[in-house]
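Following: one structure in structure tokens, then a few remarks.
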Amino acid sequence: MNFLSAAFPLAVLDVFDTVNWVVVTIAGACMALPMVYWVLMLIPQKRYPDAKADHKYIVVSCARNERNVIKHLIDSIRAQDYPRELLDILVVAHNCKDDTAEVARNAGADIVLELNDPDPKHGRKGYALQLAFKEILDNHPEYEGIIVMDADNLMNTSFVKEMNKAFDAGVEVGTGYRNSKNYDDNCVAGSNGMTFLRDCRANGHGRTLLHSTVPLAGTGFFIRRETALDMGGWNAFNLVEDFEYTLQLLDKKHCVKYVSKAEFFDEQPHGLKYSLVRQTRLGKGVFQLLFRYGPKMLFRFFTRFWIGYIDMFLYLLYPFVALLATFWFPFYYILKGTLAFVDPIGCGIAIYEGGKYLTLFTSGTAGMGWYYVVHDVLYQIVVWVIGILTVQNIVLLRAEYERVNYKKWYRIVTMLILYPWYNLLVAVALAIGILTPKLTWRPTVHDRAMSLQDITGKPVAPAGPRSATAPTCDVAAEIAAGASPENE
């Protein structure tokens, strides 16, 4: 034990303390704006005025082996409180091994494109979106806006009507309120649903109030035709193509706004393994984007002075902070806790005065160690991790109780208890994603064939097939071959 104390003289511990201060400062900087957004959550959400005109949209859904859910999405689109002649559907069935394309045609899709690309790197959603945007922008000038939805989503009946209000008010890109189909499955599904609820009500709402930009979350958003043309269609192919597109929009001064009344439902993973695998992909993708877009965002902030740039720069740092937290904090606090038992003076836990060790509550060498472990370690976890997240979630559930469709009260309790611990696992998964040399993209499996009626309790009539056969386009690999290799 004396050797352990001698091996870490005060000078070395000072270096560790300085490194820890730097890590805590970076983490605090990343959390500064989100904490502001949580305060702004108390301000009523923005309401867009009634639209003066109904605009024509096409809904794009990229579906890979989604025969179980695509019909229910199309039914929810056809059930919209919006003129049917102004709302068409395009489905990209990409690299499917089932009959997703045929199911989409029979369900009433207006256009069905089949993308069969043998290159496994081109199996990502970004390449399917590239094809869809190219088809619309090149061949369908009648559409004023493009709405992007995942195959497992369900639109609430007022979704398009609310999006149209924002569109008519001049919003270039608008993202809706992402509710969950399956909060009640288990605490994993509930925790994932709570994460998106936090993103919408706190972060999305706060960013819109402060005129920042809202990160796209892959689905439930619209983009104006003019904006899509200015972007050259879709050219984001990262593991997190949605966030890359957000950064590309921001670089061209296009802003994403949150549309709180445009509600849709999303299926959340209910298996812990798959949920964490998704987080590893997020960590790897965002970390790659940090080096490609981080310096540019920082430079833009100091030259254009728009909060959106520094906001997204700090967002890019999240996985890096997770990496530091996963490895540094356990090392640092375990080391300090161990040394507190050995040499409380040397590690700066206590002072020696009057022939004994002095601290706030205890005396003696062993007392110093226990004081440090209990107070400075457990206190940090209980108060700053568990306490804050739990209080935030309680406030959030109270604010959104009318829209959060929990049917089993005990699921809420278990989610509130376990969510902070799940969040710690997410940080570890983000770190693992960064450290994985070659992380392959895996398609999402959706097995919850739920209809809008199953969630809302209101009857929804199925749309049925159109009288004319929906056109099909079988696209070979070269369609998507124009992507830059650095995006892989």
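Just so you know, these numbers come straight off a predicted model, no measurement behind them. Here, residue 1 is the first one in the sequence, and each next residue gets the next number.
- Using cut-offs of 30° and 60° for the angle between ring planes, the Tyr309 and Trp306 rings count as perpendicular.
- Although no hydrogens or angles enter the test, the distance criterion places a donor-acceptor pair under 3.5 Å between the side chain of Tyr318 and the main chain of Cys30.
- Within the 4.5 Å cutoff, the side chain of Gln80 has heavy atoms near those of the Leu87 side chain.
- Residues Arg64 and Asn95 come closest through the heavy atom pair NE-O, 3.6 Å.
- Of all heavy-atom pairs spanning Ile77 and Met155, the tightest one is CG1-SD, 3.8 Å.
- Under the side-chain contact (heavy atoms from CB on, under 4.5 Å) criterion, Lys97 pairs with Asn65, not counting sequence neighbours.
- Residues that satisfy the ring-ring contact (aromatic ring centres under 6.0 Å, His included) test with Phe133, not counting sequence neighbours, are Trp234.
- Defined by atom type and a distance below 3.5 Å, a donor-acceptor pair is present between the side-chain atoms of His254 and Asp230.
- A salt bridge is defined here as a Lys NZ or Arg NE, NH1 or NH2 lying under 4.0 Å from an Asp or Glu carboxylate O, and Lys181 with Asp266 fails to meet this definition.
- In this structure, the side chain of Glu244 engages the main chain of Phe237 through a donor-acceptor pair within 3.5 Å.
- At a cut-off of 3.5 Å, with distance as the only test, no side-chain donor of Asn164 or Asp168 sits close to an acceptor on the other residue.
- Thr195 and Asn192 are not linked by any side-chain donor-acceptor pair at a separation below 3.5 angstrom, with hydrogens and angles left out of the test.
- Contact annotation: the side chain of Phe264 approaches that of Met149 to within less than 4.5 Å [non-hydrogen atoms, C-beta and beyond].
- For Asp242, the side-chain contact (heavy atoms from CB on, under 4.5 Å) partners at least two apart in sequence or on another chain are Leu216, Val240.
- A 4.5 Å side-chain heavy-atom check between Leu452 and His72 finds every atom pair outside the cut-off.
- Counting only distance, with no hydrogens or angles, the side chain of Thr303 and the backbone of Arg300 share a donor-acceptor pair below 3.5 Å.
- A donor-acceptor pair under 3.5 Å is absent between the side-chain atoms of Gln45 and the main chain of Ser260, judged by distance alone.
- Asn179 places a side-chain N or O within 3.5 Å of a backbone atom of Arg403 that can act as its donor or acceptor partner.
- Relative orientation of the His55 and Tyr57 rings is perpendicular, given thresholds of 30° and 60° on the angle between their planes.
- Checking side-chain atoms of His211 against main-chain N and O of Cys255 turns up no donor-acceptor pair under 3.5 Å.
- Pairs of residues two or more places apart, or lying in two chains, that qualify as salt bridge (charged side-chain N to carboxylate O under 4.0 Å, His left out) and include a residue from residues 141-153 are Lys125-Asp150.
- Across Pro269 and Val188, no two heavy atoms sit closer than the pair O-CG1, 3.7 Å.
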Please tabulate, one pair per line, all N/O donor-acceptor pairs under 3.5 Å involving side-chain atoms of residues 320-327, not counting sequence neighbours.
unit_1, atom_1, unit_2, atom_2, d
Thr326, OG1, Ala322, O, 2.7
Thr326, OG1, Ala427, O, 3.4

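- For the pair Arg178 and Phe196, the cation sits on the ring face: its NZ or CZ lies under 6.0 Å from the ring centre, inside 45° of the axis.
- Between Tyr183 and Leu197 there is a side-chain heavy-atom pair separated by less than 4.5 Å.
- The backbone N or O of Val103 sits nowhere less than 3.5 Å from a side-chain atom of Lys71 that would complete a donor-acceptor pair.
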Under the criterion side-chain contact (heavy atoms from CB on, under 4.5 Å), I'd like the reasoning laid out for Val173 against Arg224: C-alpha separation, chi angles, the key distance, then a yes or no. CA-CA 7 Å; Val173 187; Arg224 303 179 79 91; over 6 Å; no
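- The distance from atom CG of Asp251 to atom NZ of Lys296, rounded to the nearest 0.5 Å, is 4.0 Å.
- Side chains of Gln248 and Tyr293 form a contact here, defined as non-hydrogen atoms less than 4.5 Å apart.
- Every residue was checked against the side chain to side chain donor-acceptor pair (under 3.5 Å) condition with Thr246, not counting sequence neighbours, and none meets it.
- In this view, Phe222 and Phe167 satisfy the ring-ring contact (aromatic ring centres under 6.0 Å, His included) rule, not counting sequence neighbours.
- To the nearest 0.5 angstrom, Ile386 atom CD1 is 11.0 Å from Asn423 atom CG.
- Counting only N and O atoms by type, the side chains of Asp117 and Tyr127 include no donor and acceptor under 3.5 Å apart.
- The side chain to side chain donor-acceptor pair (under 3.5 Å) test applied to Arg201 returns Glu400, not counting sequence neighbours.
- Between Leu154 and Leu73 the shortest heavy-atom distance is CD2-N, 3.9 Å.
- Side-chain atoms of Thr414 do not come within 3.5 Å of backbone N or O of Cys187 as any donor-acceptor pair.
- Here the straight-line distance linking atom OG1 of Thr175 with atom NZ of Lys257 works out to 13.0 Å at 0.5 Å rounding.
- Atom CG in Leu396 sits 14.0 Å away from atom OH in Tyr401 (nearest 0.5 Å).
- The side-chain heavy atoms of Asn186 and Arg411, taken from C-beta on, include a pair separated by under 4.5 Å.
- Taking both residues in full, the closest heavy atoms of Ile455 and Met450 are given as CG1-CE, 3.9 Å, listed atom of the first, atom of the second, then distance.
- Without hydrogens or angle criteria, Arg281 side chain to Gly433 main chain gives no donor-acceptor distance under 3.5 Å.
- Taking the six-membered ring for Trp and thresholds of 30 and 60 degrees, Phe287 and Phe291 have ring planes more than 60 degrees apart, a perpendicular arrangement.
- The side chain to side chain donor-acceptor pair (under 3.5 Å) test applied to Arg67 returns Asp99, not counting sequence neighbours.
- Side chain of Asp88 to backbone of Ile58: no donor-acceptor contact under 3.5 angstrom is found.
- Scanning both residues, Thr100 and Ala93, for their nearest heavy atoms gives CG2-CB, 4.4 Å.
- Residues Ser158 and Lys261 form no side-chain contact, since every pair of their non-hydrogen atoms from C-beta on lies 4.5 Å or further apart.
- Here Ser275 contributes atom OG and Arg278 contributes atom CZ; the two are 6.0 Å apart, rounded to the nearest 0.5 Å.
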What do the steps show when you test Trp38 against Arg198 for side-chain contact (heavy atoms from CB on, under 4.5 Å), and what is the final call? CA-CA 9 Å; Trp38 273 95; Arg198 291 165 64 93; 3.5 Å; yes
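- Listed by chain and residue number, Ser61, Ala63, Glu66, Val69, Ile70 satisfy the side-chain contact (heavy atoms from CB on, under 4.5 Å) test with Ala151 (two or more places apart in sequence, or in another chain).
- With rounding to the nearest 0.5 angstrom, the CG atom of Leu430 is 8.5 Å from the OG1 atom of Thr280.
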Using the rule given for side-chain contact (heavy atoms from CB on, under 4.5 Å), can you reason through Val148 versus Ile223, listing the C-alpha separation, both sets of side-chain angles and the distance that settles it, and then say yes or no? CA-CA 8 Å; Val148 177; Ile223 180 170; 5.6 Å; no
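- Applying the side-chain contact (heavy atoms from CB on, under 4.5 Å) test to Ser212 and every residue at least two apart in sequence or in another chain returns Tyr37, Arg207, Ile307, Asp311.
- Between Leu115 and Leu113, every side-chain heavy-atom pair lies at or beyond the 4.5 Å cut-off.
- Residues passing the side chain to side chain donor-acceptor pair (under 3.5 Å) test with Asn156, sequence neighbours excluded: Glu263.
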